[in-house]
J.: 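Input: one structure, supplied below.
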Amino acid sequence: MKSLVQRLRAELLDLFTGTDDLAAARAKHLQANILIALFGSVGTSITLVIFMWRDDLKLPLLIWLIASHIPALIRLWMWRAYAAVDFEQNHNHVLAKFYLRISTLATLIAGIVFGLGWAYLVPYVDVNGQLIYLLAVIALLFGGLYTYSPNFITYLVFSISAIWLVPFISLFVAATKIENLNFFIVLISLLSTMFGMRFSLSFQHNHQLRKNVE
């Protein structure tokens with residue numbers, strides 16, 4: 001039992017910390033996949049607005065759509081600004097950590113936008129619209145495993161802000177039309193977070209193996 005606790009403690013420490021070269025590898029991975037995050041998030045937002053469009057929701061939908069482009073603009077700047085940067089060079093390790101912070105901020109904003117959608121959009125559309133929104137967020141969660149989870153904190157902030165808080169939001173807004181939604185939200189949150197943890201730890205182990213080989 002004690003060894004299990006120690007292992008869990010060590011793994012949690014690994015998830016939120018790391019050496020400079022690991023931070024560089026994380027930044028390199030996120031930069032290599034930043035266009036997936038950019039177009040995936042914006043494309044999902046546009047698709048949702050099309051499917052959920054109603055004249056009485058026109059203004060909230062347009063405001064939400066504009067807000068969803070904020071993280072996309074940050075990612076577009078990151079893609080352009082760091083296109084030629086090799087984070088794994090020693091003199092770029094500090095820059096890699098800065099990159100990870102900016103990436104986490106952009107992902108947090110994206111998560112907040114989708115989280116707000118649960119409060120200001122989802123309760124006011126029909127059950128088909130609510131189901132489409134739920135499936136879209138699930139797709140982003142599991143689609144983001146490869147893109148975000150090597151830097152686990154980046155994946156975690158999106159997961160918390162986009163879906164973890166839905167059961168609490170439902171206490172203050174009109175109830176959704178999907179039965180047992182909160183149960184599914186809790187289940188999806190736990191599963192996606194567990195997958196994110198394993199992906200992140202696997203990335204770290206593979207990175208360490210590569211360093212050992214070198």
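Count residues from 1 along the sequence.
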J.: Kindly determine whether S103 and T154 satisfy side chain to side chain donor-acceptor pair (under 3.5 Å), including the steps that lead there.
T.: CA-CA 7 Å; S103 178; T154 303; 4.6 Å; no
J.: Got a donor-acceptor contact below 3.5 angstrom from the R26 side chain to the P150 backbone?
T.: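 The answer is yes, because a donor-acceptor pair under 3.5 Å joins these two groups.
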J.: Linking I/L/V/M/F/W/Y whenever any side-chain heavy atoms sit under 4.5 Å apart, do F158 and F142 land together?
T.: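 As far as the 4.5 Å side-chain criterion goes, F142 and F158 are connected within one cluster.
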J.: Test S159 against every option in T107, V137, T193 by the side chain to side chain contact (heavy atoms under 4.5 Å, CB included) rule and name the one that passes.
T.: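 Testing S159 for a side chain to side chain contact (heavy atoms under 4.5 Å, CB included) against T107, V137, T193 leaves exactly one candidate, T193.
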J.: Taking CZ in F51 as the centre, count heavy atoms belonging to other residues, nucleotides or ligands within less than 6.0 Å. Is the count above 12?
T.: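 Not more than 12 within 6.0 Å, no.
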J.: Indicate yes or no: at least one non-hydrogen side-chain atom of L30 is less than 4.5 angstrom from one of T147.
T.: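 Heavy-atom side-chain distance check fails, nothing below 4.5 Å.
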J.: Between the side chains of E88 and R210, is the shortest nitrogen-to-carboxylate-oxygen separation below 4.0 Å, so that they form an ion pair?
T.: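 Salt bridge: yes.
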J.: Applying the 4.5 Å side-chain criterion to the ILVMFWY set and letting contacts propagate, would I46 and L57 be lumped into a single cluster?
T.: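 They do share one cluster, since a chain of ILVMFWY contacts under 4.5 Å joins I46 to L57.
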J.: Are S161 and L108 close enough, and set up right, to give a side chain to side chain contact (heavy atoms under 4.5 Å, CB included), and what steps lead you there?
T.: CA-CA 7 Å; S161 54; L108 174 62; 4.1 Å; yes
J.: Can you say whether the rings of Y82 and W77 are parallel (under 30°), tilted (30 to 60°) or perpendicular (over 60°)?
T.: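 Aromatic pair Y82/W77 classed perpendicular.
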J.: Are side-chain heavy atoms of P60 and L121 found at a separation under 4.5 Å?
T.: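 The answer is yes, as the side chains (C-beta and beyond) meet within the 4.5 Å cut-off.
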J.: Between L105 and L76, is there shared hydrophobic-cluster membership here, with clusters defined by ILVMFWY side-chain heavy atoms closer than 4.5 Å?
T.: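 The answer is yes; both residues are in one hydrophobic cluster.
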J.: Side chains of S149 and F195, heavy atoms from C-beta outward: is any pair under 4.5 Å?
T.: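 SC-SC contact between S149 and F195 ruled out.
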J.: Which pairs count as salt bridge (Lys or Arg N to Asp or Glu O under 4.0 Å) when at least one residue sits in residues 50-69, sequence neighbours excluded?
T.: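 Found R54-D56.
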J.: Less than 6.0 Å separating the ring centroids of F114 and W64?
T.: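 Ring-ring flag for F114/W64: true, centres closer than 6.0 Å.
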J.: Just by distance, do the side chain of H207 and the backbone of F203 share a donor-acceptor pair under 3.5 Å?
T.: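 No; judged by distance alone, with no hydrogens or angles, the pair does not exist.
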J.: Checking side-chain polar atoms at under 3.5 Å, does N212 have a donor or acceptor matched by the opposite partner on Q208?
T.: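 The criterion, which ignores hydrogens and geometry beyond distance, is satisfied for Q208 and N212.
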J.: Between K28 and D86, is there a side-chain N and carboxylate O pair less than 4.0 Å apart?
T.: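 Salt bridge absent between K28 and D86.
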J.: Of the non-hydrogen atoms in I185 and I163, which two are nearest, and what is the gap between them?
T.: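 Between these two residues, the closest heavy atoms are CG2-O, 3.2 Å.
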J.: Please tell me whether W53 and Y124 are part of a single hydrophobic cluster in this structure, the criterion being side-chain heavy atoms less than 4.5 Å apart.
T.: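 Yes: a chain of side-chain contacts under 4.5 Å links W53 to Y124.
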J.: Return all side-chain donor-acceptor pairs below 3.5 angstrom for residues 31-42, not counting sequence neighbours, or 'none' if the list is empty.
T.:
{"unit_1": "Q31", "atom_1": "OE1", "unit_2": "Y99", "atom_2": "OH", "d": "2.5"}
{"unit_1": "Q31", "atom_1": "NE2", "unit_2": "W79", "atom_2": "O", "d": "3.4"}
{"unit_1": "N33", "atom_1": "ND2", "unit_2": "H29", "atom_2": "O", "d": "2.8"}

J.: What heavy-atom pair brings P71 and I109 nearest, and what distance separates the two atoms?
T.: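 Here P71 and I109 meet closest at CD-CG2, 3.8 Å.
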J.: Hydrophobic clusters here meaning ILVMFWY residues chained together by side-chain heavy-atom distances under 4.5 Å, can you tell me if I70 and I102 are in one?
T.: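 Yes, one cluster joins them.
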J.: By the rule that ILVMFWY residues connect when side-chain heavy atoms come within less than 4.5 angstrom, directly or transitively, which residues belong alongside V186?
T.: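 L190, which link up through side-chain heavy atoms under 4.5 Å apart, make up the rest of the cluster.
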J.: Please find the pair of heavy atoms, one from H69 and one from L65, that lie closest to each other, and give the distance.
T.: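 In terms of heavy atoms, the two residues are closest at ND1-O, 2.8 Å.
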J.: I would like to know whether Y120 and I63 meet side chain to side chain contact (heavy atoms under 4.5 Å, CB included); could you show each step before the answer?
T.: CA-CA 11 Å; Y120 295 104; I63 293 173; over 6 Å; no
J.: How about Q89 and N92: does a side-chain donor come under 3.5 Å of a side-chain acceptor?
T.: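 The criterion, which ignores hydrogens and geometry beyond distance, is not satisfied for N92 and Q89.
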